Amino acid sequence: MTPFTTLTGIAAPLPLPNIDTEVMIRISRLMEFGKGALGPYLFEPLRYDADGAEDPDFTLNRPAFRTSSIVIGGDNFGCGSSREAAVWALLDFGIRCIIAPSFGDIFAVNCLQNGLLTIRLPAEEVAALAAEIAMDDPQPFTVDLEAQTITPPSGRKLGFPIDPGARAALLDGLDEIDQTRQLDAEIGAHQRARDAALPWANGSLGRGVPRVLIMAGDGVGPEAMDEVKRVIDWFVSNRGLRVDLHEELYGISAWKAHGAVVRPEAWALIDAADAILFGASGSPEYDAIPRHHWLPDNLLKMRSRLDLFDNQRPVRAFAGLEAMSSLRPEIIEGADIVIVRELTAGLYFSEPRGIETLDDGRRRGTNSMTYTSDRVERIGRAAFELARRRGGRLCSVDKANVLEVSMLWRDEIEKLHAEYPDVELTHMYVDNCAMQLVRNPRQFDVIVTENLFGDILSDCAAMVAGSIGMLPSASIGPSDVTRRRQALYEPIHGSAPDIAGRGICNPVGSILSFGMCLEQSFGLPEEAKLLDRAVQRAIDGGARTADIAGGLPAIGTRAMGDAVLRALDVIHHETKPALVAAD
């Protein structure tokens, strides 16, 4: 974050008590905008009338205060929720310092973590500073953090207290993560000593039992998720799996039970989860719900809120299902691809967007596709790392012959390649890639691409597997200070409302999504392989739901789950259980 040393700027008086974080930035704006774009919506209920016009009497709307960098506030400034975005909105507007008699505790911590200085002074001192502000021609204040003084227009100097650790962090521009990184050597030495003393604790389970949240969602999601829960129970009973499991309604079921597609209390469970097992989203019943309750899409919101930028979609030809594909068996035989899709930027999230009516009566719809170099770099790095662990080949897909955003994409991927000389990098236009996936899918190992292209290509690639119902996915966030990466796991088949409730959907995509969870969130790749083998054994034994029956007798969702569980029993007795639990 930006170091704070000395600040000279206009101070705006906002003496209202109990200005809470919802007043600073409305939750609805966070569904549309992120950090860096919140300034225009700071104090929105105070700055604008009901019709959207500026209130000329509000301080920050007055010409003299539009460039304020200091706020003189009232008591309990920043009370309410723990919304860090309130601080982002202040910084986006240009505010770097707030002086008030008291602050909401969590708000003050969030300010420190983002480089915004909060100064607590007695109420009478705050009132005296506010009195020195000329409303028509305000003169600058100076805040000197090194000297711990405030100099108002009168020229008098006023000292202020601050915690020494907080002062040092602001002066150096270090948040908690940066401060922790300064101790990398000491932390590394401690971790190595701990690993040597407790070798069983090297995996993620050594850092605590993973918290898993199940959200079955809409359509066929609950039916498929019932089979996933049976598989989880099997691993707990037979392989010693330890899991802190919770379940929460989502979508139409949540609306019927709570009057909300995602009830407010559920977001705390979502934030706390190490892994989310998600079913599906989408139902014709949404049409009967007021649109503002479900737009923007809550699944997109979840992806953005947890920053689940790394979407991995494995696609392979399952032995015995070659005839299910519209492609010839010799084309798909041996195909094994992972499509890495950037999931939190691009066309689905960028601004401006919307539908407007032009002056001549025509309507215009707008969506924007934007990427910054850092977002391309991090998804590119994830793809290079995956390719390094697999076949060593990465194909980056773009439309650089037409789109500037793709030109940037290709440039950044090329720069990153210098760090991965052992990985073979190729580039391909998206239209050609769509053709090549059905012409010769075996040429691909790992494909990396942006959000929209990845959405389309992964559905196209589903024909390699013969059915979209067979395919899992993982959406993974960045590492936090504990090296945890939050993740959401879901099949890619959607809610399929036309067959929902009939007990005939294919649960394999959901079951294999839990397999990805075993590997990525539990750190148990051997258990994931065991589940994968069980699915293949069930198929080899003739288990087929309607989408993969191909003339054989079709079984229902429950029976497919039974077949996988029987295969797990057989393989379990053939293998030594992996060590998955530790006290």
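Computed from a predicted structure; not experimentally measured. Note: hydrogens, waters and symmetry copies are ignored here, and every other heavy atom, side chains too, is used.
- Pairing each heavy atom of Leu308 with each of Leu343, the nearest pair is O-CB, 3.3 Å.
- Contact record, Glu342 with Trp409: CB-CH2, 4.3 Å, taken as the closest heavy-atom pair.
- Between the side chains of Glu414 and His427, at least one donor-acceptor pair of N or O atoms lies under 3.5 Å.
- Looking at every heavy atom in both residues, Cys505 comes nearest to Thr557 through O-OG1, 2.7 Å.
- By the 4.5 Å heavy-atom criterion applied to side chains, Ser521 and Pro210 are not counted as neighbours.
- A donor-acceptor contact under 3.5 angstrom links the side chains of Asp569 and Trp234, judged on distance only.
- Once rounded to the nearest 0.5 Å, the distance linking CG of Leu241 with CG of Leu518 reads 6.5 Å.
- In summary, Arg341 and Asp310 do not engage in a salt bridge, as defined by a charged side-chain N under 4.0 Å from a carboxylate O.
- Salt-bridge formation is detected for the pair Arg211/Asp274: a Lys NZ or Arg NE/NH1/NH2 atom is positioned less than 4.0 Å from an Asp or Glu carboxylate oxygen.
- Counting only distance, with no hydrogens or angles, the side chain of Glu322 and the backbone of Gly320 share a donor-acceptor pair below 3.5 Å.
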* Asked: Between Glu227 and Val564, is a side chain to side chain contact (heavy atoms under 4.5 Å, CB included) present by the stated rule, with each step listed?
  -> CA-CA 9 Å; Glu227 303 314 305; Val564 173; over 6 Å; no

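- Salt bridge status for Asp336 with Arg390: present, with a side-chain N to carboxylate O gap under 4.0 Å.
- The backbone N or O of Met463 lies less than 3.5 Å from a partner atom in the side chain of Ser325, making a donor-acceptor pair.
- Not one N or O on the side chain of Arg485 forms a donor-acceptor pair closer than 3.5 Å with the backbone of Pro478.
- Here the side chains of Phe384 and Glu419 are not in contact, with every heavy-atom distance at 4.5 Å or above.
- Side chains of Glu385 and Tyr420: a donor on one and an acceptor on the other come within 3.5 Å.
- Ion pair Asp307/Arg378 flagged as a salt bridge, since at least one NZ, NE, NH1 or NH2 atom sits closer than 4.0 Å to an Asp/Glu carboxylate oxygen.
- In the model, Ser475 has a side-chain atom that pairs as donor or acceptor with a side-chain atom of Asn311 under 3.5 Å.
- Rounding to the nearest 0.5 Å places CD1 of Ile252 at 6.5 Å from NZ of Lys256.
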* Audit row: Glu248, Arg263, salt bridge (Lys or Arg N to Asp or Glu O under 4.0 Å) steps and yes/no -> CA-CA 9 Å; Glu248 179 67 29; Arg263 65 187 182 116; 2.6 Å; yes

* Does the side chain to side chain contact (heavy atoms under 4.5 Å, CB included) test come out yes or no for Thr426 and Glu424, once each step is laid out? -> CA-CA 7 Å; Thr426 58; Glu424 176 190 330; 4.1 Å; yes

* Start with the C-alpha gap between Val231 and Leu565, add the side-chain angles, then the distance that decides, and say whether side chain to side chain contact (heavy atoms under 4.5 Å, CB included) holds. => CA-CA 7 Å; Val231 170; Leu565 290 170; 4.2 Å; yes

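- For the 3.5 Å distance criterion, the side chains of Ser467 and Asp547 qualify, holding a donor opposite an acceptor.
- Between the side chain of Ser495 and the backbone N or O of Ser283 there is no donor-acceptor pair closer than 3.5 Å.
- Taking a 6.0 Å sphere around CZ of Arg439, one finds it holds 12 or fewer heavy atoms contributed by other residues, nucleotides or ligands.
- A distance-only check finds no donor-acceptor pair linking the side chain of Ser304 to the backbone of Leu300 [under 3.5 Å].
- Side chain to side chain, Asp218 and Tyr250 fail the donor-acceptor criterion of an N or O pair below 3.5 Å.
- At least one side-chain heavy atom of Glu450 sits less than 4.5 Å from a side-chain heavy atom of Met369.
- Residues Gln536 and Asp532 have side chains that never bring a donor and an acceptor to within less than 3.5 angstrom of each other.
- Side-chain atoms of Arg83 and Trp88, non-hydrogen and from C-beta on, never get closer than 4.5 Å to each other.
- Inter-residue side-chain proximity for Leu437 and Leu457 is flagged as met; some heavy-atom pair is nearer than 4.5 Å.
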* To do: Could you give me the CA-CA distance, side-chain angles and deciding distance for Arg558 and Asp226, then say whether salt bridge (Lys or Arg N to Asp or Glu O under 4.0 Å) is met?
  => CA-CA 8 Å; Arg558 180 79 174 186; Asp226 282 345; over 6 Å; no

* Step by step, work out the salt bridge (Lys or Arg N to Asp or Glu O under 4.0 Å) result for Glu490 and Arg303. => CA-CA 12 Å; Glu490 59 177 320; Arg303 292 170 178 170; 3.4 Å; yes

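- Residues Leu277 and Leu213 have side chains not in contact (no heavy-atom distance under 4.5 Å, counting atoms from C-beta outward).
- Note that the CG atom of Leu512 and the CZ atom of Phe318 stand 5.5 Å from one another [nearest 0.5 Å].
- Look at Lys415 and Glu377 and you find no salt bridge, because none of the NZ, NE, NH1 or NH2 atoms lies under 4.0 Å from a carboxylate O.
- A donor-acceptor contact shorter than 3.5 Å is absent between the side chain of Glu333 and the backbone of Glu330.
- We find the CD1-NE2 distance between Ile276 and His246 to be 12.0 Å, quoted to the nearest 0.5 Å.
- Using a 4.5 Å heavy-atom threshold, the side chains of Val397 and Val448 count as separate.
- Between the OG atom in Ser406 and the CG atom in Asp411 there is a gap of 10.5 Å [rounded to 0.5 Å].
- Using a 3.5 Å distance cut-off with no hydrogens or angles, the side chains of Asn114 and Glu84 do pair a donor with an acceptor.
- A salt bridge links Glu247 and Lys229; the closest N-O separation between the charged side-chain nitrogens and carboxylate oxygens is under 4.0 Å.
- When all heavy atoms are compared, the tightest approach of Ile511 to Leu531 is O-CD2, 3.4 Å.
- Using a 4.0 Å cut-off between a side-chain N of Lys or Arg and a carboxylate O of Asp or Glu, Asp562 and Arg230 qualify as a salt bridge.
- The side-chain heavy atoms of Val338 and Arg313, taken from C-beta on, include no pair separated by under 4.5 Å.
- When every heavy atom of Arg442 is checked against every heavy atom of Arg393, the shortest pair comes out as O-NH2, 4.2 Å.
- Side chain of Ser253 to backbone of Leu249: no donor-acceptor contact under 3.5 angstrom is found.
- Arg375 and Thr344 are linked by a side-chain donor-acceptor pair at a separation below 3.5 angstrom, with hydrogens and angles left out of the test.
- In this structure, the separation between CZ on Phe453 and CG on Asn451 is 10.5 Å, given to the nearest 0.5 Å.
- Between Glu223 and Gly219 the shortest heavy-atom distance is OE2-O, 3.9 Å.
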* To do: Determine, stepwise, if the pair Ile337 / Arg316 fulfils side chain to side chain contact (heavy atoms under 4.5 Å, CB included).
  => CA-CA 6 Å; Ile337 310 165; Arg316 75 176 193 272; over 6 Å; no

